[in-house]
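As a basis for the values below, the full set of heavy atoms in this structure was taken, side chains included, without hydrogen atoms, waters or symmetry mates. First the proteins, then the strands, lettered A, B, ... as listed; each starts at 1.
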There are 2 protein chains.
Amino acid sequence: MTKKLLLKDVAKLAGVSEMTASRALRGAPDVSAKTKAKIEEIARTHGYVPNRIAGSLSSQSVNLVAVVVPSLNSFVFPEVLSGISAVLKDSPLKPVVGISGYDLAEEESVIREMLSWRPSGLIAAGLEHTGATRRMLQQADCPVVEVMDVDGDPVRHCVGISHLQAGREMAEQILARGYRNIGFIGTKMPQDFRARKRFDGFTDGLAAQSVTLSDLEHYSGESSIQTGRQLTAQMLARNPGLDCIYYSSDVMSVGGLMHCLAAGLSVPGDIALAGFNNLQILQGLPLQLATTDACRHEIGERAARIILKSRETGGAEGLVFDRLTPAISLGETL
Amino acid sequence: MTKKLLLKDVAKLAGVSEMTASRALRGAPDVSAKTKAKIEEIARTHGYVPNRIAGSLSSQSVNLVAVVVPSLNSFVFPEVLSGISAVLKDSPLKPVVGISGYDLAEEESVIREMLSWRPSGLIAAGLEHTGATRRMLQQADCPVVEVMDVDGDPVRHCVGISHLQAGREMAEQILARGYRNIGFIGTKMPQDFRARKRFDGFTDGLAAQSVTLSDLEHYSGESSIQTGRQLTAQMLARNPGLDCIYYSSDVMSVGGLMHCLAAGLSVPGDIALAGFNNLQILQGLPLQLATTDACRHEIGERAARIILKSRETGGAEGLVFDRLTPAISLGETL
DNA sequence: TCCGGTATCGATAACGGTTGCGATACCGAT
DNA sequence: ATCGGTATCGCAACCGTTATCGATACCGGA
């Protein structure tokens, strides 16, 4: 670990000024091919790593896009991220992830932290924020996109699906197939607003045809196959008349399916199952589970494109409000 | 979007100097409680977000820890991350994730990018890097921890398990249970070095008792239940005599289990299955799959602690080489 | 009243690059 | 030989904050 190398040192070694070295290393014009080659050579062999803190302060530009999501364990946000990365791939921008842990206070502090680095854009999941967060997002002098959800008041741009609609449509599909003794298993994390909206949409959809939920189960903590299996077992034990269960997440419905396999129940003969998200883990199971696609990848792509376009136009473009259509896939379990 | 607010403005509004405002907002000493309250009040109501780029340049310190992992979809790295986050939780440090996509060239550019922000520490997955990457890691003037793997030459600190050993021990367990017609299904991603080491360790373990693999299948792309199921079906179709399959990942072995369920094969009666990682998705399945725990959470925790300790001691502490013991869990499928 | 000590605050100089613009060198054309 | 134009380079100021050190005010004790 030698003495730390500055641009100044590289320049000295190359026998040029700092400015020329800076230009050469950034690929800026006004440097002859020969000097540029020499400077690059020196920088490479000596392992010079430019200090982007100084560079960004000076140039007043940071090629980072802040992405704030509730969690990375839930299988759902990594796919949003991959959509973002795919679009940013051939641009100078790089995504940086922050995790809010389904906690609005934590989200506020994470967003504050990210904005303090003056990113070129910010993408955040959800439309619900603390007042302070909303204020920060409004004042931020970079494009801001709220993603995943469209049921609410976005601060600026917005790309997502309606979870109310997703819940309602699943209710309609379930009713259309004749199920009437319906249970719901969902998270009780008070701040998973989208799960809550699906629940509300679902019960609305049932109510529209005068059906009410026969059973209801809430769990805390992250969704898991294990939890889905246990809660399904419990619900069916106390309520054997149930003919259908809707889960707030595919991970949970997979657990439900596992219970049915283990208990020798026929799906959908004895009990129908439906989840949400269209996660990749649904592929390859013994039965194709019913679900609603949450358009995760596309949401990420579109959000990233908004950031890119906003850079081109200098932030002078109009507000984007992209409401994608969540496609139901009935599978074999309804 | 009002004019951008600087520390200078906050200070002016509060009727104090920039320095006092700076101290107040950072919680530094030498500010009376009254002035501090006033400054904080003003900063809050006006939505001041400090510019950490300037702050970090001036203070020569960045409270970020760079974490470079191959992927976030694979279910395995988010858990390492959560270990890191847990430890960093009550420290000023925050993790920042970079994704290398199982590509050493991309890893080099991601690490260069992260180091250019002069983080307080760097955690990278794996021991294999390009020459340039190794040089950067050596020269970095922050603690560097390579995680996940211990089979190789770490640049500085290292925390992980031996994948060679994991493969070998699984071979021993499988042989001890009398299986002799053994197949292997694993990734052919040329740069998933750890999967390759498990494979090598596995065949070594078999060879030690003069057993050779009966069948072998490689796939490209990310692991998935779907792929695991398909490849298992193929392998069993062409090689019905197989009595055991070892997979390079739990995700794949779950797919294998799904095939067996669908095909009416008894596990382990007709065919035994074993995977690797001890992922959460194994919980709740009809059968408890055999696997090896990769100690992901603990690896993350330990890596983060090394960074923290190194900050305290000013980097003067000795090298850490933590070789954790991967625990085999036999489950019900061997 | 004077003094030393502490609490509180401010002026100034970095931090390591980049922007802006002026300076120099070099070229062919006149 | 002179000139205008272009390619190449360097000087100085600045980006927004913090470290350092010195200044001031205030307090109790002698």
(request) Rounded to the nearest angstrom, tell me the gap between atom NZ in A:K8 and atom C1' in C:dA14. (result) 11 Å

(message) To the closest 0.5 Å, what do you measure between CZ (B:R323) and CD1 (B:I161)?
(response) 9.5 Å

(message) Ignoring hydrogens and geometry beyond distance, is the side chain of B:R118 in donor-acceptor contact with the base of C:dG16 at under 3.5 Å?
(response) no

(request) Could you check how far CG of A:L57 sits from P of D:dA13, rounded to whole Å? (result) 18 Å

(request) Using atom CZ of B:R52 as one end and atom C1' of D:dG16 as the other, report the distance to the nearest whole Å. (result) 13 Å

(message) Measure CG/B:D141 against P/C:dC15 and give the value in whole Å, please.
(response) 15 Å

(request) Tell me, please, which residues at least two apart from B:F193 pass ring-ring contact (aromatic ring centres under 6.0 Å, His included). (result) none

(message) Would A:R302 and A:E298 count as a salt bridge (charged side-chain N to carboxylate O under 4.0 Å, His left out) here? Give the steps.
(response) CA-CA 6 Å; A:R302 291 189 180 226; A:E298 186 172 2; 2.9 Å; yes

(message) Any side-chain N or O of B:S32 below 4.0 angstrom from OP1/OP2 of C:dA7?
(response) no

(request) Identify whether any heavy atom of B:L6 sits under 4.0 Å from a base atom; if not, whether one sits that close to sugar-phosphate; answer base, sugar-phosphate or nothing. (result) sugar-phosphate

(request) Ignoring hydrogens and angles, answer whether the base of D:dT18 and the side-chain atoms of B:S59 contain a donor-acceptor pair closer than 3.5 Å. (result) no

(message) C:dA7, OP1 or OP2 - any side-chain N/O from B:R23 closer than 4.0 Å?
(response) no

(message) Using a 3.5 Å distance criterion without hydrogens, assess whether the side chain of B:T45 forms a donor-acceptor pair with backbone atoms of B:I42.
(response) yes

(request) Answer yes or no: is there a donor N or O on one side and an acceptor on the other, between the side chain of A:S120 and the main chain of A:V65, under 3.5 Å? (result) no

(message) Taking any heavy-atom pair under 4.0 Å as a contact, classify B:D30: base, sugar-phosphate, or nothing.
(response) base

(request) Compute the bend angle of the helix from C:dT1-D:dA30 to C:dT30-D:dA1 from the end axes (five pairs per end), rounded to 10°. (result) 50°

(message) Would you say B:T20 places a side-chain N or O within less than 4.0 Å of OP1 or OP2 belonging to C:dG10?
(response) yes

(request) Kindly indicate whether the side chain of A:S17 and the base of D:dG10 share any N or O donor-acceptor pair separated by less than 3.5 Å? (result) no

(request) Search all heavy atoms of A:G318 against all heavy atoms of A:H157 and return the closest pair with its distance. (result) O-CE1, 3.4 Å

(message) Tell me whether B:R44 is salt-bridged to B:E41, with the criterion being a basic N under 4.0 Å from an acidic carboxylate O.
(response) yes

(message) Output the rounded distance in Å from CZ (B:R26) to C1' (C:dC9).
(response) 14 Å

(request) Would you mind classifying the nucleic acid contact of A:T35 as base, sugar-phosphate or nothing, using non-hydrogen atoms under 4.0 angstrom? (result) sugar-phosphate

(message) Expressed as a whole number of angstroms, how long is the span from A:L7:CG to D:dC15:P?
(response) 20 Å

(request) Using atom OH of B:Y48 as one end and atom P of D:dG16 as the other, report the distance to the nearest whole Å. (result) 10 Å

(request) Only pairs at least two apart or in different chains count here, so list each side chain to side chain donor-acceptor pair (under 3.5 Å) that has a residue in residues 16-25 of chain B. (result) B:S17-B:T20, B:S22-B:R26

(request) Nearest whole angstrom, please: distance from the P of D:dA7 to the CE of A:M19. (result) 18 Å

(message) Looking at B:Q60, I'd like to know whether one of its side-chain N or O atoms comes within less than 4.0 Å of OP1 or OP2 on C:dA14.
(response) no

